[in-house]
Amino acid sequence: MLDLRLIREQPDMVRDALRRLNTDAPLDDILQLDEQRRSLLTRVEELKAQRNAGSKEIGKAAAGQERDKKIAEMRQLGDTIAELDEEVRDVDERLHKLLLEVPNLPDPDVPDGPDESANVIVRHWGDPKEPSDSIAPHWDLAENQGLIDFERGVKVSGSRFYFLRADMARLQRALITWMIDIHTREHDYIELTPPVLVRSESMVGTGNLPKFGDTLYHDEESDLWLIPTAEVSVTNYHRDELLDAGTLPRKYVAQSLCFRREQFSAGRDVRGIKRVHQFEKVEMVKFVEPEKSDDELYSLLDNAEQILRKLELPYRVVQMCTGDLSFVSAKKIDLEVWAPGSEDWLEVSSCANFRDFQARRANIRFRTEDGGRPQYVHTLNGSGLALPRTMIAILENYQQPDGSIVVPAVLRGYLGGQEVIEKQPGIW
RNA sequence: GGAGAGGUGGCCGAGUGGUUUAAGGCGGCUGUCUUGAAAACAGUUGACCGAAAGGUCCGGGGGUUCGAAUCCCUCCCUCUCCGCCA
């Protein structure tokens, strides 16, 4: 949510920033409602001051004609106040609703562009393998090797569901444990195991609601939502809190299942496990002081990159242009790992600075060291990393001509020293 | 699921219709003392809207009343006992 005062005081700046996003936020309606709200408020508050004074007199006065007259007077005043209160509530509600639909403003250094074609490749790491006939895409490889059962996933749950089998399931567990160990031991994050079902307020806090409800799974009976990322649970961990001075930054890492309806990607990436309805992800979330968030984005990015480097997987760093920013981000940088079998750069991590956008929605503030007024924190998050795509990259980069897969050196300790994943018992 | 008790400032906690302008404590900040710190003592310290005056806020929402933290309705949450349960 944007600061209403910013919209009021620098409407042209806000308008220009939104124009870069190619969105048509109803700024004029917002300004008009804001104006209306404030003039109503002035009137009703004046009347309330009168009523407070009048009621106080009644409390002191002895019973009698004077007192009865005053009471009648105040009753009438009360009716007027009730009417105005009603109007204020209505205007407030409309204003708030509009504000919730305005996207975050892009940082000045975000490149302009209409869509992903204008994203900027910042740099590469590692040597991407040339695709060749001897490098199979993971969907063929994994099925042949008995590592993933796609058919039964579809039978049990539908398209975009699958079973990991045998050493593949073990590999995922090992990866999760290893990634979390790196982030907690080497990068100083606190591990959280979060709920994957959350209330609507939490979804509003991170910006998933009200706009993107149709991409989420929802249980109507209990009115709970399945999270699309642990970002939702972990960011809302501090919702409606006033954090103590000196406790920032707060850094959390959480593994969770993520659930996505993928309603609008029908027909895209239908093969394999690149785009699925349910997947594991290790997610990092930071709550930081506003002046630090620029630097914190880069250290977050580095934390994610460390995982790919240790796995020795070639990747590239891509900065999103204005046309490819998410609703809540001011700045977003993705890591894309090379998959030579699929011949695709896979987004395995998305690192973003939300500035105070989420903090306003979720009401997360901190008390400054100097004891001044509480301020909103800045929130950031980044995947560290998404499991299916990381496993695609491992399968496709580490496969050998006979179909076996070499275990990346850093993971062997987590797999009892195992060096190679051989063909698993067939899918029978 | 049944019965009961609760939800008050950053935290704990008093307050059952009108000088409450929410007591008191903890924590924070400032000062005295000290080489420095701790302790002790003293002072100070809620959030939100507003340029200000002022107004709003006692779990959320609604109601009763001239006036509600206080009474009523409703929802959410916590705790205790019972039942069920991985």
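Proteins get letters first, then strands, A, B, ... in listed order; numbering begins at 1 in each.
With no hydrogens or angles considered, a side-chain donor-acceptor pair links Lys286(A) and Ser299(A) at under 3.5 Å. No hydrogens or angles considered: a donor-acceptor pair under 3.5 Å links the side chains of Lys281(A) and Thr229(A). No hydrogens or angles considered: nothing links the side chains of Lys274(A) and Ser342(A) as a donor-acceptor pair under 3.5 Å. The closest side-chain donor-acceptor pair between Glu241(A) and Asn363(A), if any, does not fall under 3.5 angstrom. Side-chain N/O atoms of Glu262(A) and Ser265(A) include a donor and acceptor closer than 3.5 Å.
Ionic pairing of Lys331(A) and Asp109(A) is present here: one or more N-O contacts between side-chain nitrogen and carboxylate oxygen are shorter than 4.0 angstrom. Between Glu45(A) and Lys48(A) there is no salt bridge, since no side-chain nitrogen of the basic residue lies less than 4.0 Å from a carboxylate oxygen of the acidic one. A salt bridge links Asp90(A) with Arg94(A): the distance from a Lys NZ or Arg NE/NH1/NH2 to an Asp or Glu carboxylate oxygen falls below 4.0 Å. Classification of Arg355(A) and Asp3(A) as a salt-bridged pair fails, no side-chain N sitting under 4.0 Å from a carboxylate O. For Arg19(A) and Asp16(A), the salt-bridge test passes: some basic side-chain N is under 4.0 Å from an acidic carboxylate O. Between Glu312(A) and Arg309(A), none of the side-chain N atoms (NZ, or NE/NH1/NH2) sits under 4.0 Å from a carboxylate O, so this pair counts as no salt bridge.
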Result block: side-chain N/O donor-acceptor pairs under 3.5 angstrom for residues 25-32 of chain A, not counting sequence neighbours:
| from | atom 1 | to | atom 2 | distance (Å) |
| --- | --- | --- | --- | --- |
| Asp28(A) | OD1 | Arg15(A) | NH1 | 3.4 |
| Gln32(A) | NE2 | Gln36(A) | OE1 | 3.3 |

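Of the listed nucleotides (rC66(B), rA47(B), rG50(B)), rA47(B) has the atom at the smallest distance from the side chain of Arg365(A). Of the candidate nucleotides rG50(B), rC66(B), rC76(B), rG50(B) has the atom lying nearest to any side-chain atom of Arg38(A).
Taking atom P on both rC72(B) and rU16(B), the two are 14 Å apart, rounded to the nearest angstrom. Distance check on atom C1': rG13(B) versus rC58(B) gives 13 Å, rounded to whole Å. Between the C1' atoms of rU74(B) and rC81(B), the separation comes to 26 Å (whole Å). When the P atom is used for both rG9(B) and rG46(B), the distance is 14 Å, rounded to whole Å. Rounded to the nearest Å, the gap between the C1' atom of rG15(B) and that of rG6(B) is 15 Å. A distance of about 14 Å separates the P atoms of rA22(B) and rG10(B), rounded to the whole Å. Atom name P, nucleotides rC11(B) and rG62(B): the rounded distance is 24 Å, in whole Å. For the P atom pair drawn from rG55(B) and rU21(B), the interatomic distance equals 11 Å after rounding to whole Å.
As a whole-Å value, the separation of Asn363(A) CG from rC49(B) P is 10 Å. Atom pair Arg43(A):CZ and rG50(B):P shows a separation of 19 Å (rounding to whole Å applied). Distance CG (Asp79(A)) to C1' (rG67(B)): 14 Å, rounded to an integer number of Å. One atom, CD1 of Ile364(A), and another, C1' of rA47(B), lie 17 Å apart when rounded to the nearest Å. Distance CZ (Arg360(A)) to P (rC49(B)): 9 Å, rounded to an integer number of Å. rA51(B) atom C1' lies 15 Å from atom CG of Leu41(A), rounded to whole Å. Separating the CD1 atom of Ile71(A) from the C1' atom of rU65(B) is a distance of 10 Å, rounded to the nearest angstrom. Between the CD atom of Gln76(A) and the P atom of rU65(B) there is a distance of 15 Å, given to the nearest Å.
Nucleotide rG54(B) forms a Watson-Crick or G-U wobble pair with rC49(B), both donor-acceptor distances falling under 3.5 Å. Of the nucleotides present, none pairs with rG17(B) by Watson-Crick or G-U wobble criteria with both distances under 3.5 Å. Shown here, rG67(B) forms no base pair; nothing in the strands shown gives a Watson-Crick or G-U wobble contact with both key distances under 3.5 Å. Across the strands present, rU44(B) finds its partner in rG28(B); the criterion is a Watson-Crick or G-U wobble pair with both atom distances under 3.5 angstrom. The partner of rU78(B) is rA5(B), by the rule that a Watson-Crick or G-U pair needs both atom distances under 3.5 Å.
Close to rG55(B), at under 4.0 Å from its OP1 or OP2, lies no side-chain N or O of Arg37(A). The side chain of Arg373(A) contributes an N or O atom lying less than 4.0 Å from OP1 or OP2 of rC48(B). Put simply, Arg89(A) has no side-chain N or O that comes within less than 4.0 Å of OP1 or OP2 on rG61(B).
Nearest-nucleotide positions on RNA chain B place Ser55(A) closer to the 5' end than the other of Ser55(A) and Met74(A). Checking Ala72(A) against Asp34(A), the closest nucleotide of RNA chain B that is more toward the 5' end is the one next to Asp34(A).
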Output one line per pair: protein atom, nucleotide atom from nucleotides 44-46 of chain B, and distance, for all N/O pairs under 3.5 Å.
none

Below 3.5 Å is the cut-off: list the nitrogen or oxygen pairs between protein and nucleotides 56-58 of chain B, distance only.
none

